[in-house]
Amino acid sequence: MTDRIETRVVHAGWEPDPATGAVVPPIHLATTYAQTGPAVPVGDFEYSRSGNPTRAVLEAALADLEGAAHGFAFASGLAAEDCVLRTLPAGARIVIPHDAYGGTFRLVARVHGEAGLRFDAVDLGDPAALRDAVTGDTAMVWCESPTNPTLATVDIAAVAEVAHGVGALLVVDNTFATPYLQQPLALGADVVIHSSTKYLGGHSDVVGGAVLLNDDALAERIGFLQNAVGAVPAPFDCWLLLRGIRTLAVRVERQQENAKAVAGYLETDANVAKVMYPGFGGMVSFLHAGGEPGAVNACTRTRLFTLAESLGAVESLIEHPARMTHASVAGTSNEVDGSLVRLSCGIESKDDLIADLQQALA
Ligand SMILES: Cc1ncc(COP(=O)(O)O)c(C=O)c1O
């Protein structure tokens, strides 16, 4: 019987060490491993870029949580994304969300785009627009749900059907939902990526990324690229991520409870023109009725919500996407409204968080 996700986040990837009884994995710092003959390693490891025991525990844990056969950890979410994009043939065509994370857009447009990758930015929530954009030469559909920063949700199963209809792969960035709330592979996605910097780590103290998938041949290519390109996380980073993952369920429960309360409050505030909350998760965005000056002003007046990039940690954060996380998409199809404010709700008291927003918006 498969354990429930609340149990798996605590146990995935590790059993007490038979040799020492250690209930958490050690941080294996060794960069190289002894061999009994040329190319005959003592155990499973040769060189720490190719494979590391602490990283292997993290990769097994992440694969378990997403219901994947294969897991790969990277030095950042963008390194994970880069690896997936490198599997595409030269000159391939992909579809990305019209409201993709700014760094994803920049990576697609200005790194892979300059090397020949072609892309269309589409509203994946609009079935007709998606059908028009996905054609016989589309190799990949890239999806975020909920999206960053407008928190739109996408019907992953429906997008998978359209993508698979033309033989394209569906990649889902599951950073905002986390495997606690959504497991895209079970909905038909082919590849899941994460910025584990966010909810998986959960404490704003480690940058990381992950790729999870089932297909053996594609996994072999991802594993090859992980080693060949070398954007791997340090053992200590892997250990921090494992430590964070153990509390994912309780953190997300509390963050979600706080986000629901904050979204409910914002609906009643006259300085808020529109609240964006998908009904689950810990992120809330809103349009300030006072336009960009109002949004910027609110961002500088909170006491508990720290004005900072990133999200998903125990402390609440506020940010202005147009000037911060999404500044790189200014003037493109993915430009963000200047009156938009994005909140990442932490695990503090919801009453304190609401009082903080009330005084900042007043
Ligand atoms: C949805 C999403 N995907 C990917 C990334 C990139 O991850 P990283 O910052 O770990 O490289 C981010 C970062 O904010 C993000 O919000």
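Indexing begins at 1, ligand by ligand and atom by atom, following the structure's order.
Rounding to the nearest 0.5 Å gives a distance of 4.0 Å between CD of Glu319 and CZ of Arg342. For the atom pair Asn174 CG and Leu200 CG, the distance stands at 8.5 Å (nearest 0.5 Å).
Taking a 4.0 Å cut-off on heavy atoms, Ala80 fails to register as neighbouring ligand 1. Heavy-atom distances between Lys198 and ligand 1 reach below 4.0 Å in at least one pair.
Contact atoms of ligand 1 toward Ser76: 10 (O), 11 (O) (distance under 4.0 Å to a heavy atom of the residue). Interface of Gly208 with ligand 1, defined as ligand atoms under 4.0 Å from a residue heavy atom, comprises 10 (O). The distance from ligand 1 to the heavy atoms of Ser195 drops below 4.0 Å at these ligand atoms: 4 (C), 5 (C), 6 (C), 7 (O), 8 (P), 10 (O), 12 (C). For ligand 1 and Glu81, the ligand atoms under 4.0 Å from any heavy atom of the residue are 3 (N), 4 (C). Close approach of ligand 1 to Gly77 (heavy-atom distance below 4.0 Å) involves ligand atoms 7 (O), 8 (P), 10 (O), 11 (O).
In this pair, Tyr33 and Phe45 present their aromatic rings tilted. The plane angle is within the 30 to 60° band. Aromatic ring pairs are classed by plane angle as parallel below 30°, tilted from 30° to 60° and perpendicular above 60°; the pair Phe72 and His70 is parallel.
Side-chain contact check for Ser349 and Asp351: no donor-acceptor pair (N or O, by modelled atom type) lies under 3.5 Å. When only modelled atom types and interatomic distance are considered, Glu348 and Asn258 share no side-chain donor-acceptor pair under 3.5 Å. Side-chain N/O atoms of Arg110 and Ser328 include no donor and acceptor closer than 3.5 Å.
With respect to Ile347, the side chain to side chain contact (heavy atoms under 4.5 Å, CB included) criterion is satisfied by exactly one of Arg254, Glu315, Glu253, Glu257: Arg254. Among Asp356, Val275, Leu343, the single residue meeting the side chain to side chain contact (heavy atoms under 4.5 Å, CB included) criterion with Val262 is Leu343.
Residue, atom and distance of the protein heavy atom nearest to atom 6 (C) of ligand 1 are Tyr101 CE2, 3.5 Å. The protein atom (non-hydrogen) at minimum distance from atom 16 (O) of ligand 1 is Asn148 ND2, 3.0 Å.
Residue-level proximity to ligand 1 for Glu309 is absent, since no heavy atom of it falls below 4.0 angstrom. The backbone and the side chain of Leu78 each have at least one atom closer than 4.0 Å to an atom of ligand 1 (non-hydrogen atoms only).
Residue-to-ligand polar distances place Thr197 within reach of ligand 1: an N/O pair is separated by less than 3.5 Å. At least one N or O atom of Asp173 sits closer than 3.5 Å to an N or O atom of ligand 1.
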